[in-house]
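Written below as structure tokens is the structure these notes are about.
In what follows, chains carry the letters A, B, and so on, assigned in the order in which the sequence lines appear, proteins first and then strands, with residues in each chain numbered from 1.
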Amino acid sequence: MPKEIEVTVLPVGNKLEVPKGTSVSEILGKMGRSGDSWIAAKLNGQLVDLTRTVEENSALEGIGIDSPAAIEILRHSAAHIMAQAVKSIFPEARVAIGPAIEAGFYYDFDVARPFTQDDLEKIEATMRDITSQKLAFSRREVPREEAIGFFSGLGEKYKVELLEEFTDPVVSFYQQGDFIDLCRGPHIPHSGFLKAFKLTSVAGAYWRGDERNQMLQRIYGTAFFDIKALKKYLEFLAEAQKRDHRRLGKELDLFSFSDEVGAGMVIYHPKGALIRHILENFEKREHLLRGYQLVIGPTLLKTELWKKSGHFDHYRENMYFTEIDEQSYGVKPMNCLSHMLIYKSKIRSYRDLPLRFFELGTVHRHEKSGVLHGLNRVRQFTQDDAHILCTPEQLNDEIVSIIDFVAEVMGIFGFDFEMEISTRPENSIGSDEDWDQATGALTKALQQKGLDFHLCEGEGAFYGPKIDVKLKDALDRRWQCATIQCDFTLPERFDLNYIGADGAKHRPVMVHRVILGSLERFLGVLIEHYAGAFPAWLAPVQAMIVTVTDAQLDFARGVFRELRGRGVRAEVDMRSEKLGYKIREAQLQKVPYMLVIGDKEVQQEAIAPRKRDGTQLDLMTPSQFADLVERECLDSSKGRVGLNVI
RNA sequence: GCUGGCGUAGCUCAACGGCAGAGCAGCUGAUUUGUAAUCAGCAGGUUGAUGGUUCAAAUCCAUUCGCCAGCUCCA
């Protein structure tokens, strides 16, 4: 008779006596829900398979398909099933790694010939075959040495490489059908649990993410517990495509790119330029209100100066150089240098600090061709850049107020954001002590504000650690916008100092920071955030005047002049088209208001506003409408911007 | 930069070795219309660029520029 043990079943906390060695699924089965409704479990906080046996007093929590952890397990299993399919069609393929990711899963393969779309369809078909066989996923523990021998025998060199770096004496194998993979697990009980999946794309990916390594072929896919959820996801992708800023940029006539101009160079059309103008004015005002001073530096600075700053040594690959009168110049990839020189232009007292130099600085960076992406990744962009020079004692307060600034601005646009702290990378400058101090200051400020953040080891800039703020685009891809970067090295290199209360020279601390980041990228993310339907304060056209017939055009022109006089960004559609046609056009252009004018309106010297959501407002005078737009601008910009932008 | 896919009218796409086409947009005319597409006609192209194969190239090949997905890198 085996020994009885006590299992506490969470989340309710029921206690259960079972014989030692009872399987997880059996125990869960006793709790009223059938064994089939579970796919895995948490045993003493650790994810395990249903077949795992319980050997001691434990806490157990079932993971059903509705649990957040379940989808990850399913997708991980889907990756294994895909690998099984690939190996059955392409036996010579070598498998690398295949994890679940945010929106699905992938698996990397080393194959002689890259996969084609046809291959994906074949693989999908084989996967369906595997799922219909309901193959069990079975787990087995194997000594590491034996595992190395096993995979060496199969020629699976990537698995061997992984195993050679493991320190555990025993590893686990998972097998479904004839496919065996090195894996921690857990997995779904059998392949039949995978009911809804789709292979979405194939792309090259370097082994272990290192471009010096072999390039493997990565197949991406996604999986859900039911067809409906998969369908919903595919619909989301289709919706996201409609929100893509590259598409909306064209449709709304905001900006363009031209292969004649070159890659990564934005051409702003009137409406896009107007949005930028509004953003820039907004930014200048917000900075001036917070004690920043506007400055403007040159685009070309002597290469000697870039050598002095360290950019030539650490950032040369990303810079453009040219020659003027036999002197080498570098096009600025960052705005800091002239700000340094402004600081140095006179003797500074501790009473002057902190100094906050702000510049809407246009920079050029040579980005690799493959990374360019609409407005979000370009080669020329304008940063809302500032450099703060302060005493070490002031550093914490400065960082806290920058974080407040970021949170306030993101709130105006309605963005949720994620924060990261990045620490010292390889190939960096400065002493360990400086890095520790700066990293500590950033961390402390975030903790003080009670904000969550991820820690990114070794991802700081070459000159200092940083806090990054990431916003999401239509596809939930994250883009870095705001960033706060400490720099203990530039003040050193430029020998910046201030006279302290003690009459002696001291070294100021420096912070680089941007709030929106690059105006290009921010606009790109913003377009997707609003799906092109900008709030009134940002809309390049706020009101489209549409007449029922040509007979009202004179009156319409008068309304137009009056609205323009008030600062409302209005336009008149003068084409002799039907009203519905003109409404549709304005609707597709996502103009916030359409002002309808027919005989009735002319008689009453009024307009009939229609909002872009279809709601109809009562007749009002142009002046009343201007008041309304002004209120709406102020509301949507949280009191920042009214009608005075043009 | 790397792997793969793709560049045809302003836009979305067809033709995939044999006369370069459609819808929308544009222009002209008719229509004067009440809240998401009025009708008719006209015009629009060295098929991204360069070179090659071929009797014949948008189509096949090479180079190059650009775009897309991902990797690497980053605002």
Starting at atom CG of A:Leu252, determine the distance to atom P of B:A25, rounded to an integer number of angstrom.
-> 17 Å

Out of B:A36, B:U3, B:A75, which has the shortest distance to the side chain of A:Pro114?
-> B:U3

To the nearest Å, how far apart are A:Asp468 CG and B:A75 C1'?
-> 9 Å

Sub-4.0 Å heavy-atom contacts from residues 367-374 of chain A onto RNA chain B, ordered by number | A:Glu367, A:Lys368, A:Ser369, A:Gly370, A:Val371, A:Leu372, A:His373, A:Gly374

For B:G70, take OP1 and OP2 only and decide whether either is under 4.0 Å from a side-chain N or O of A:Arg477.
-> yes

Would you mind pulling out the nucleotide paired to B:U35, Watson-Crick or G-U wobble, both distances under 3.5 Å?
-> none

Proximal nucleotide (of B:G1, B:A75, B:A69) relative to the A:Thr483 side chain | B:A75

Considering only NZ, NE, NH1 and NH2 on the basic side and carboxylate oxygens on the acidic side, decide whether A:Arg513 and A:Glu398 come within less than 4.0 Å.
-> no

Specify the separation, in whole Å, of atom NZ of A:Lys470 and atom C1' of B:C73.
-> 12 Å

Thinking salt bridges, do A:Asp108 and A:Arg218 make one under a 4.0 Å N-O criterion?
-> yes

Sub-4.5 Å side-chain heavy-atom contact between A:Leu471 and A:Arg478 | no

State whether the distance check finds a donor on one side and an acceptor on the other, under 3.5 Å, for side chain A:Glu601 versus base B:G34.
-> yes

d(CG, A:Asp573; C1', B:A36) in whole Å | 13 Å

Is A:Gln217 side chain donor-acceptor paired with the B:U3 base, going by distance under 3.5 Å alone?
-> no

Taking 4.0 angstrom as the limit, do A:Lys368 and A:Glu211 come out as a salt bridge?
-> yes

Considering only B:A36, B:A69, B:G34, which nucleotide approaches the side chain of A:Val548 most closely?
-> B:G34

Do the rings of A:Phe405 and A:Tyr292 sit parallel, tilted or perpendicular, given the 30° and 60° boundaries?
-> tilted

For the base of B:U33, is there a side-chain donor-acceptor partner from A:Ser576 under 3.5 Å away?
-> no

Ignoring the backbone of A:Ile583, work out which of B:U32, B:U35, B:C67 is nearest its side chain.
-> B:U35

A:Arg246 side-chain proximity, nearest of B:C74, B:A36, B:A69 = B:A69

Does a salt bridge link A:Glu72 with A:Arg75, judged by any charged N lying under 4.0 Å from a carboxylate O?
-> no

Establish whether the base of B:C73 is bridged to the side chain of A:Arg365 by a donor-acceptor pair shorter than 3.5 Å.
-> no

Note: A:Arg575-A:Glu585 ion pair, threshold 4.0 Å (strictly below) | yes

Within this structure, what is the CZ-to-P distance between A:Phe257 and B:G66, rounded to whole angstrom?
-> 13 Å

Give, for atom CG of A:Asn281 and atom CZ of A:Arg276, the distance between the pair rounded to the nearest 0.5 Å.
-> 11.5 Å

With heavy atoms under 4.0 Å as the rule, sort A:Val378 into base, sugar-phosphate or nothing.
-> base

Under 3.5 Å, is there an N or O donor on one side and an acceptor on the other linking the side chain of A:Tyr206 and the base of B:G70?
-> no

Between the CG atom in A:Leu375 and the CG atom in A:Leu523, the distance rounded to the nearest 0.5 Å is 5.5 Å

Can you tell me the Watson-Crick or wobble partner of B:C2, both distances under 3.5 angstrom?
-> B:G70

From B:G34, B:G1, B:U33, nucleotide with atom closest to A:Val596 side chain | B:G34

From CG of A:Leu588 across to C1' of B:U35 the rounded distance in Å is 14 Å

Quick one: which protein N/O atoms are closer than 3.5 Å to N/O atoms of nucleotides 26-28 of chain B? Pair and distance per line, please.
residue, atom, partner, partner atom, Å
B:G26, OP1, A:Arg575, NH1, 3.1

Who does B:G7 pair with, Watson-Crick or G-U, both distances under 3.5 Å?
-> B:C65

Spacing of A:Ile101 atom CD1 relative to B:A69 atom P, expressed in whole Å | 15 Å

Could you tell me whether A:Arg208 and A:Glu165 make a salt bridge, using a distance below 4.0 angstrom between a side-chain N and a carboxylate O?
-> yes

Which nucleotide sits closest to the side chain of A:Arg610: B:C71, B:U35, B:G34?
-> B:U35

Pairs under 3.5 Å (N/O, protein and nucleotides 5-16 of chain B):
residue, atom, partner, partner atom, Å
B:U12, OP1, A:Lys250, NZ, 3.4

ring-ring contact (aromatic ring centres under 6.0 Å, His included), paired with A:Phe522, selected from A:Phe415, A:Phe417, A:Phe381 = A:Phe415

Sugar-phosphate, base or nothing in reach of A:Lys611, heavy atoms under 4.0 Å = nothing

Under a 4.0 Å N-O cut-off, is there an ion pair linking A:Lys242 with A:Glu528?
-> no

Taken to the nearest whole Å, CD/A:Glu211 to C1'/B:C73 is 7 Å

Output yes if the stacking criterion (under 5.5 Å between centres, under 30° between planes) is met for A:Trp479 over the base of B:A75, else no.
-> no

Taking only the side-chain heavy atoms of A:Leu579 (C-beta and beyond), determine which of B:G34, B:U32, B:G70 contains the nearest atom.
-> B:G34

Parallel, tilted or perpendicular: rings of A:His373 and A:His245 (30°, 60°) | tilted

Partner of B:A40 by Watson-Crick or G-U wobble geometry, both contacts under 3.5 Å, or none?
-> B:U28

OP1 or OP2 of B:A75 sitting under 4.0 Å from any side-chain N/O of A:Gln480?
-> yes

Is any NZ, NE, NH1 or NH2 atom of the basic residue among A:Lys284 and A:Glu359 found under 4.0 Å from an Asp or Glu carboxylate oxygen of the other?
-> no

B:G34 OP1/OP2 closer than 4.0 Å to side-chain N/O of A:Gln552 = no

Identify whether the distance between the nearest side-chain nitrogen and carboxylate oxygen of A:Glu156 and A:Lys87 falls below 4.0 Å.
-> yes

Using Watson-Crick or G-U wobble geometry with both distances below 3.5 Å, tell me the partner of B:G21, or none.
-> B:C13

